[in-house]
Undergrad: 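Please see the structure below; I have some questions.
As the structure is a computational prediction, the values presented were derived from the model and not from experiment. All ligand and atom numbering here is 1-based and tracks the order in the structure.
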Amino acid sequence: MHPGWEPVIGLEVHAQLLTRSKLFCACPTTFGAPPNTHVCPTCLGLPGALPVLNAEAARMAVKAALALDCTVRPKSRFARKNYFYPDLPKGYQVSQFDEPFSDHGHLDIALEGAEGEPPRTKRARILRIHMEEDAGKNVHTAGSVSVVDLNRAGVPLVEIVGEPDLSSPQEAAEYLRTLRDILVFLGINDGNLEEGSFRCDANVSIKPIGEARLGTRVELKNINSFKFVEKAIASEIERQKEILEGGGRVVQETRGWDETTTSTFPLRSKETAQDYRYFPEPDLPPVVLDDLFVARVRAELPELPRVKRDRFVTELGLSPYAANVLTQHPRIAAFFEEAATLHLDAAHAGRVANFIQSEVLRDVTTQGQQASIPVTARQISELIRLVDTGKISGKQAKELYVKLREAGPEASAASLVSQLGMAQVTDPKAIEDVCAKVIADNPKQAEQLRAGKEALFGFFVGQVMKATKGSANPQLVNDTLKRLLAAG
Ligand code: ADP
Ligand code: MG
Ligand code: ZN
């Protein structure tokens, strides 16, 4: 019986930087343009065209490095990675090789604890981050004709290479989610796996538990969803176990994920891997990121998701769960925080959080950096203020929210309430409390009424109206009194 296996996983992430123009030329990066319209002599690799580094791309790349606690090298270099492929017009990709602009950082990921244990944090080391240009896109049409769209050629990417520190498919998925959230909060990436603006290659090996030496790894290429990453890694671990337990050896190779067979399949063997003949890019000077530049970028760093989550818990009194839900996207977090803090009152923030989670979020859609939220933070704050002050009930708040959504961002919650005649109505629970008290305070009349003296019903209604200074909904008072008196 084998003592057991320990998976070892290291992820390489390619994230597209949200610059307006490409890495080395002024061509736009906008998605969805007609094929080969966003090209120029530089990104087509025409003779004599010279690249110039996009400073905005460097600024975004440094943001990623700082957020992941990497060291930023004051001087780094681009290199040519040579290979032939139709989507690569120059015959080489401009990347960074032995002198990346940053290295040695880490990413803390939150993991569920073992049974009965609290959640724990795991630190996964980052080996390096470098800048590189994207390739174009081969489009395989019906009739076995392939065409090439070079709009994407030269779009800026950062490649974030993780150390092999992850030990399960779940840890790998959590690493990716955490990394994606950070890049989206930094405003430098769309975080979209399906559309390929955030791409992941997973390196997977297994070794006997306790063994120091790493096993032979397999690289799983371009898996385009978090769910698939987890499934692909799990299936690959099983495949390697079977091989090793059957006395075989794992072949170092690149494999793909087939969702229909839910298994990995070979793409190419590493043994026949080409030599990229990296050499320093002669057309670009070294990248110089001086202290002042790095300090400026550091000063621009926004609050990162984990810090925000902790602050929502400690400052605004949210549960960790609510804080997690409300920091899933920077726009949602900003919307919540604005609504929660327009009135400085601890209970207000909690009510705003609950209301956004239960009512608003189901109407919110996010797309990359954008989120469409159907009401404004001011409207939600005002609406919850009406609940805070007892003007409307929780149930009415939901109705009012629907009306606000229809009325548009200019509408005021308070004026809608008076327009709709909501303000005079109080919470059914509050009415019930008053009714119960009036009945308890007048036991003799209650007894007489139950014995058949129905005229006394008006007396009870009058008492409730008096107690609520006429603000209670008469119908609600009638119904509630009838119910309570009948219940005896
Ligand atoms: P390449 O560029 O050929 O993919 P690298 O040496 O840059 O090779 O390694 C890339 C990734 O492979 C890193 O993310 C690293 O963590 C991971 N890795 C390296 N060795 C192993 C291993 N034995 N098992 C799992 N992952 C590994
Ligand atoms: Mg690799
Ligand atoms: Zn161009």
Side-chain angles (χ1 to χ4, degrees), residues 5-14 19-30 33 36-46 49-54 57 79 81 83 89-90 93-98 100 103-107 124-130 132-136 149-156 159-169 171-172 175-176 179 199-208 211-222 229 233 236-237 240 244 249-255 267-276 278:
W5 299 100
E6 192 178 326
V8 174
I9 303 155
L11 302 180
E12 295 166 274
V13 166
H14 287 89
T19 55
R20 275 182 301 169
S21 51
K22 293 187 181 179
L23 188 53
F24 301 118
C25 62
C27 291
T29 53
T30 38
N36 300 309
T37 53
H38 290 173
V39 291
C40 72
T42 301
C43 55
L44 289 175
L46 299 188
L50 288 174
V52 176
L53 176 62
N54 179 342
K81 179 179 182 178
Y83 63 95
K90 294 195 289 271
Q93 177 195 29
V94 179
S95 180
Q96 296 192 294
F97 182 53
D98 50 355
D103 52 20
H104 295 103
H106 53 81
L107 178 66
R125 291 166 303 156
I126 307 272
L127 181 62
R128 55 185 271 159
I129 306 183
H130 64 255
E132 63 185 31
E133 57 179 350
D134 208 346
D149 177 8
L150 294 174
N151 283 350
R152 218 178 60 188
V155 161
E159 177 170 352
I160 301 168
V161 183
E163 297 268 14
D165 284 350
L166 304 164
S167 326
S168 70
E171 285 186 16
Y175 172 97
L176 283 181
L179 181 56
R199 308 197 280 266
C200 165
D201 302 335
N203 298 275
V204 181
S205 66
I206 61 173
K207 59 176 188 168
E211 165 69 51
R213 230 167 350 118
L214 298 184
T216 304
R217 79 183 144 118
V218 161
E219 182 166 358
L220 303 177
K221 273 275 178 213
N222 288 331
V229 168
I233 294 172
E236 178 58 24
I237 290 169
Q240 293 185 15
L244 293 178
R249 68 175 190 98
V250 174
V251 179
Q252 186 172 350
E253 63 184 349
T254 303
R255 298 177 72 91
L267 283 172
R268 59 176 182 263
S269 154
K270 275 271 174 182
E271 268 137 36
T272 62
Q274 52 215 317
D275 174 3
Y276 292 119
Y278 278 101

Undergrad: Give a yes or no on whether the backbone of R20 and the side-chain of T29 come within a donor-acceptor separation of less than 3.5 Å.
TA: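 Flag set: sc T29 to bb R20 pair under 3.5 Å.
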Undergrad: When you measure from atom 5 (P) of ligand 1 to each heavy atom in R125, R217, Q252, E163, which option holds the nearest one?
TA: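 Among R125, R217, Q252, E163, the closest heavy atom to atom 5 (P) of ligand 1 comes from R217.
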Undergrad: Counting each atom of ligand 1 from 1 as listed, which ones have a heavy atom of E219 under 4.0 Å away?
TA: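 Once the distances to E219 are compared, the set is 4 (O).
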Undergrad: Tell me how many protein N, O or S atoms are within a distance shorter than 2.8 Å of the Zn ion (ligand 3).
TA: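 Of the protein's nitrogen, oxygen and sulfur atoms, 4 lie under 2.8 Å from the Zn ion (ligand 3).
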Undergrad: Only heavy atoms of V8, strictly under 4.0 Å: list the atoms of ligand 1 that pass.
TA: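 Under 4.0 Å from V8, ligand 1 has these atoms: 24 (N), 25 (C).
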Undergrad: Donor-acceptor pair, distance only, cut-off 3.5 Å: does the side chain of R199 make one with the backbone of K221?
TA: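 No; zero donor-acceptor contacts below 3.5 Å.
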Undergrad: Determine whether a donor-acceptor pair (N or O, by modelled atom type, separation under 3.5 Å) exists between the side chain of D134 and the backbone of A153.
TA: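 Looks like no, no N/O pair under 3.5 Å.
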Undergrad: Where the side chain of E12 meets the backbone of D201, is there a donor-acceptor pair that is under 3.5 Å apart?
TA: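 Pair absent, no side-chain N/O of E12 close to backbone of D201.
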Undergrad: Answer yes or no: does an N/O atom from G215 fall short of 3.5 Å to an N/O atom of ligand 1?
TA: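 There is such a contact, yes.
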Undergrad: For ligand 1, which atoms sit closer than 4.0 Å to a heavy atom of V161?
TA: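 Reading through ligand 1 atom by atom, the close ones are 13 (C), 14 (O).
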Undergrad: Would you compute the distance between atom CD of Q96 and atom NE2 of H130 and round it to the nearest 0.5 angstrom?
TA: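 Answer for the CD-NE2 pair, Q96 versus H130, is 7.0 Å.
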Undergrad: Measure from the side-chain N and O atoms of K22 to the backbone N and O of H38, and report whether any donor-acceptor pair falls under 3.5 Å.
TA: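 Yes, K22 side chain to H38 backbone: donor-acceptor pair under 3.5 Å.
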Undergrad: Would you check whether G162 has a nitrogen or oxygen atom less than 3.5 angstrom from a nitrogen or oxygen atom of ligand 1?
TA: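 Yes, at least one N or O pair falls under 3.5 Å.
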Undergrad: Using 0.5 Å steps for rounding, measure from the OG1 atom of T37 to the CG atom of D149.
TA: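 With rounding to 0.5 Å, OG1 (T37) is 7.5 Å from CG (D149).
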Undergrad: Walk me through it: do H104 and R125 pass the test side-chain contact (heavy atoms from CB on, under 4.5 Å)?
TA: CA-CA 7 Å; H104 295 103; R125 291 166 303 156; over 6 Å; no
Undergrad: Select one of side chain, backbone, both or neither to describe which atoms of L11 lie under 4.0 Å from any atom of ligand 1, heavy atoms only.
TA: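 Backbone only.
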Undergrad: Indicate the ring-plane relationship of Y276 and Y83, choosing parallel, tilted or perpendicular according to the 30° and 60° boundaries.
TA: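 The arrangement is perpendicular - the two ring planes meet at more than 60°.
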